[in-house]
Undergrad: 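I am attaching a structure below and will ask some questions about it afterwards.
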Amino acid sequence: MFIKFNLINKYYLYLISLVIIYFVLNYKRLFFNTFNLEWFFIELINSYNIENYYFNNDLFQNNQANSVIYPFLLSLIVPNFENNYENLIYFRIINLLAIVLLIFFSIKIKILESKNLNTLFTLIIFCPIINIYIFRIYPDILSFSFAYLSFVFLTLEKKIFLFLSLITACFSFLLKPVAIIIFPLFFFYIFKNKYLKKNALFLIFTYGLFIVISFFVYLRFFDIKIFSEYYSNTYMRFNLINSTKNFVSYLNYSILLIFPFSIIYSFKFFISKKIKIMNKFLILIVSFLISYFILNLSGEMNYGYIEKLFNFKNSDYFFITINNIISISFISLILKDNKGLEKNLLYIFLIVVLFLSILIARPVQRYLMYAMPLLFYLAILIFNNYKFKNWLIILYLSIFVSINIGQLVYQSNTDKIINTFKNHVISNNLESKTHPGQFYHSIGYLFKDFMINIILQKKNNHIENYNFQITQCEFGNHILKEDLYVMGKKLNNFCFSER
């Protein structure tokens, strides 16, 4: 009994330690201004609490490819503050709590061997695309948590947990419809499980029916359309060439996110005597050709501040080619040297990424968060018996914790500049006279005149009414100027300019 108690304590101690360390590294993110149109969710929450508020579902959907379930849910969970922008921490903490809940249930249910589960969640939460969005007022992390929580419940096989799996799957989809890409994992598990496969078709049909019904109830309840015309054309337009480019780009990005595991396995491929020289040469040729094919891909498949810091734009072709070589050799060696679960995980991962590439026309790197746990677990299994596995994990954490800290510095320095411009606009009552320009995505909520006339009513001629604009100093008489530095290097500059 004493031994069992200590064992339980050991895993919960891991959870508590992980949360504390993670919070210490990231707590500043809770207090930043809104970024990347986070304020759209806050404004919609305001519209639920303030009668005749200028913001509404139509304005939200004309500028967002997200459902209104997320802000509606936040409005129910978080107290109604007089000024929500002074209390952003309460909205941001919800995502962190969701991840903690997922880790807690995964440990409690023992979905994996404890050591592998600990490693898996450590790799997941320090992955940059997940780390950033845990502290963003965006539905992605909540949807991600519900999606994997649904899978955790599915593995318990009992009827009550199957029902909970259906409910959490519906929530995940309603929060972010792109979550549907994770369901190949569900299909695989259902057909491989001795108990579930007896009613596999019925169970899959039930998942589909629950999701479809809940989605139509959502549309009727909020009286909204699925997407605005702009976002339908941007995200839902199928094109074979575009989808192929997206697939390669997603694959490359994913493989980078499991560095250094991927580079070690790629190196192993090229030094292996079992693989013909012709096959190695063929991979090099294919990698060079693919680079031409996916060069200048549109969308959000960038590398953030790192791209600006190291001037990747000047060496795009070389960087993409190296990425192609690592990706193709990594996959080739897994298919050659592994059987059973490792191979199946790779196939599921590739199907998920393919599904994403077809479903969403405009590639967005954060959508990969649904696929990354599969790739992380694959890397853990491949390197399970390697003597230097722990060193690889330490190297992974060293690299990506550094990247996350760099991103934190970048966002912190940007936030200081935003506050300077924000205070200037408010103190001089210039909200109705200013075009938000570069800071529309961060503090667009300040400029209600711009939102109503330019965004909602689309009065393009009204733009002449603005005497000032926030720019990158490319025109106008500069009243304020601020330079953005990271690690001593100037990455951008911003000006409050007279038009």
Side-chain angles (χ1 to χ4, degrees), residues 41 45 48 66-78 91 93-112 117 121 124 130 133-134 138-193 195-224 226 348 352 355 359 367 369-371 373-374:
F41 299 102
I45 291 170
Y48 296 146
N66 286 293
S67 78
V68 302
I69 282 286
Y70 179 64
F72 180 73
L73 191 63
L74 290 181
S75 72
L76 297 177
I77 297 172
V78 180
F91 298 97
I93 205 75
I94 299 296
N95 286 339
L96 184 59
L97 293 176
I99 287 287
V100 171
L101 189 68
L102 175 60
I103 298 174
F104 172 80
F105 273 107
S106 300
I107 293 174
K108 183 77 174 174
I109 293 168
K110 298 180 181 177
I111 187 172
L112 296 175
L117 188 63
F121 276 112
I124 286 172
I130 294 175
Y133 280 91
I134 284 177
Y138 254 71
D140 301 76
I141 290 296
L142 209 55
S143 173
F144 164 87
S145 300
F146 276 123
Y148 276 95
L149 198 55
S150 176
F151 180 73
V152 169
F153 288 143
L154 176 66
T155 63
L156 291 175
E157 301 169 4
K158 295 181 180 178
K159 288 183 179 180
I160 182 63
F161 289 108
L162 289 177
F163 178 73
L164 289 174
S165 178
L166 288 168
I167 296 300
T168 46
C170 287
F171 264 114
S172 175
F173 179 80
L174 291 176
L175 285 163
K176 198 78 178 180
V178 73
I180 196 73
I181 67 171
I182 197 182
F183 282 101
L185 173 62
F186 284 65
F187 298 156
F188 173 81
Y189 186 83
I190 290 170
F191 280 107
K192 286 289 184 180
N193 184 276
Y195 171 75
L196 297 175
K197 72 178 181 180
K198 296 175 184 177
N199 301 296
L201 293 179
F202 174 77
L203 190 54
I204 291 169
F205 174 78
T206 305
Y207 271 105
L209 186 63
F210 262 65
I211 288 170
V212 170
I213 291 174
S214 64
F215 189 61
F216 277 102
V217 169
Y218 154 71
L219 293 178
R220 290 294 298 272
F221 181 80
F222 288 98
D223 191 25
I224 56 173
I226 299 176
I348 297 168
V352 168
F355 197 6
L359 188 65
Y367 294 163
M369 69 173 64
Y370 295 96
L374 298 169

Undergrad: Roughly how far, to the nearest 0.5 Å, is NZ of K197 from CZ of F191?
TA: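 Going from the CZ atom of F191 to the NZ atom of K197 covers 10.5 Å.
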Undergrad: Tell me every residue that passes ring pair (Phe, Tyr, Trp, His ring centres under 6.0 Å) with F205, counting only those two or more places apart in sequence or in another chain.
TA: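 Checked F205 against ring pair (Phe, Tyr, Trp, His ring centres under 6.0 Å); zero matches.
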Undergrad: Answer yes or no: is there a side-chain heavy-atom contact under 4.5 Å between F144 and I124?
TA: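 Yes, side chains in contact.
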Undergrad: Please tell me if the side chains of F216 and F221 come closer than 4.5 Å, counting only heavy atoms from C-beta onward.
TA: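 No. Closest side-chain heavy atoms not under 4.5 Å.
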Undergrad: For the residue pair I99 and N95, establish whether any side-chain heavy-atom pair is separated by less than 4.5 Å.
TA: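 The answer is no; the side chains never approach within 4.5 Å.
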Undergrad: Could you measure the distance from the SG atom of C170 to the CD1 atom of I69? Nearest 0.5 Å is fine.
TA: 11.0 Å
Undergrad: How long is the gap from CG on L149 to CG on L154, to the nearest 0.5 Å?
TA: 11.5 Å
Undergrad: Take atom CG of L201 as the centre, draw a 6.0 Å sphere, and report whether it contains more than 12 heavy atoms from other residues, nucleotides or ligands.
TA: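 Open: at most 12 neighbouring heavy atoms sit under 6.0 Å from CG of L201.
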Undergrad: Rounded to the nearest 0.5 Å, what separates atom CD1 in I94 from atom CG in L73?
TA: 8.0 Å
Undergrad: Determine, using ring centers only, whether F41 and F91 are less than 6.0 Å apart.
TA: no
Undergrad: Taking the side chain as every heavy atom from C-beta outward, state whether Y207 and S165 have any atom pair closer than 4.5 Å.
TA: yes
Undergrad: Which distance, rounded to the nearest 0.5 Å, do you find between the CG of N199 and the CG of L162?
TA: 9.5 Å
Undergrad: Hey, could you give me the CG/CG distance between L97 and L101, rounded to the nearest 0.5 Å?
TA: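 That separation rounds to 8.5 Å.
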Undergrad: Please tell me whether F105 and F153 form a close aromatic pair, meaning their ring centres lie under 6.0 Å apart.
TA: yes
Undergrad: Using the ring-ring contact (aromatic ring centres under 6.0 Å, His included) definition, which of the options Y189, F161, F187, F146 pairs with F151?
TA: Y189
Undergrad: Any side-chain heavy atom of I107 sitting closer than 4.5 Å to one from L117?
TA: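 Side-chain contact under 4.5 Å: yes.
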Undergrad: Tell me the closest heavy-atom pair linking Y133 and M369, and the distance in Å.
TA: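 Smallest interatomic distance, heavy atoms only, reads CB-CE, 4.2 Å.
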Undergrad: Please determine whether side chain to side chain contact (heavy atoms under 4.5 Å, CB included) holds for the pair L96 and I93, giving the CA-CA distance in whole Å, both sets of side-chain angles, and the decisive distance to 0.1 Å.
TA: CA-CA 5 Å; L96 184 59; I93 205 75; 4.0 Å; yes
Undergrad: Side chain to side chain contact (heavy atoms under 4.5 Å, CB included) for V352 and L185? Distances and angles first, verdict last.
TA: CA-CA 8 Å; V352 168; L185 173 62; 5.6 Å; no
Undergrad: For a quick test of your reading: what N or O donor-acceptor pairs under 3.5 Å do the side chains of residues 171-184 make, sequence neighbours left out?
TA:
| residue | atom | partner | partner atom | Å |
| --- | --- | --- | --- | --- |
| S172 | OG | S143 | O | 2.8 |
| S172 | OG | S143 | OG | 3.2 |
| K176 | NZ | N66 | OD1 | 2.4 |

Undergrad: Between Y218 (side chain) and V68 (backbone), is there a donor-acceptor pair under 3.5 Å?
TA: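 Answer holds: yes.
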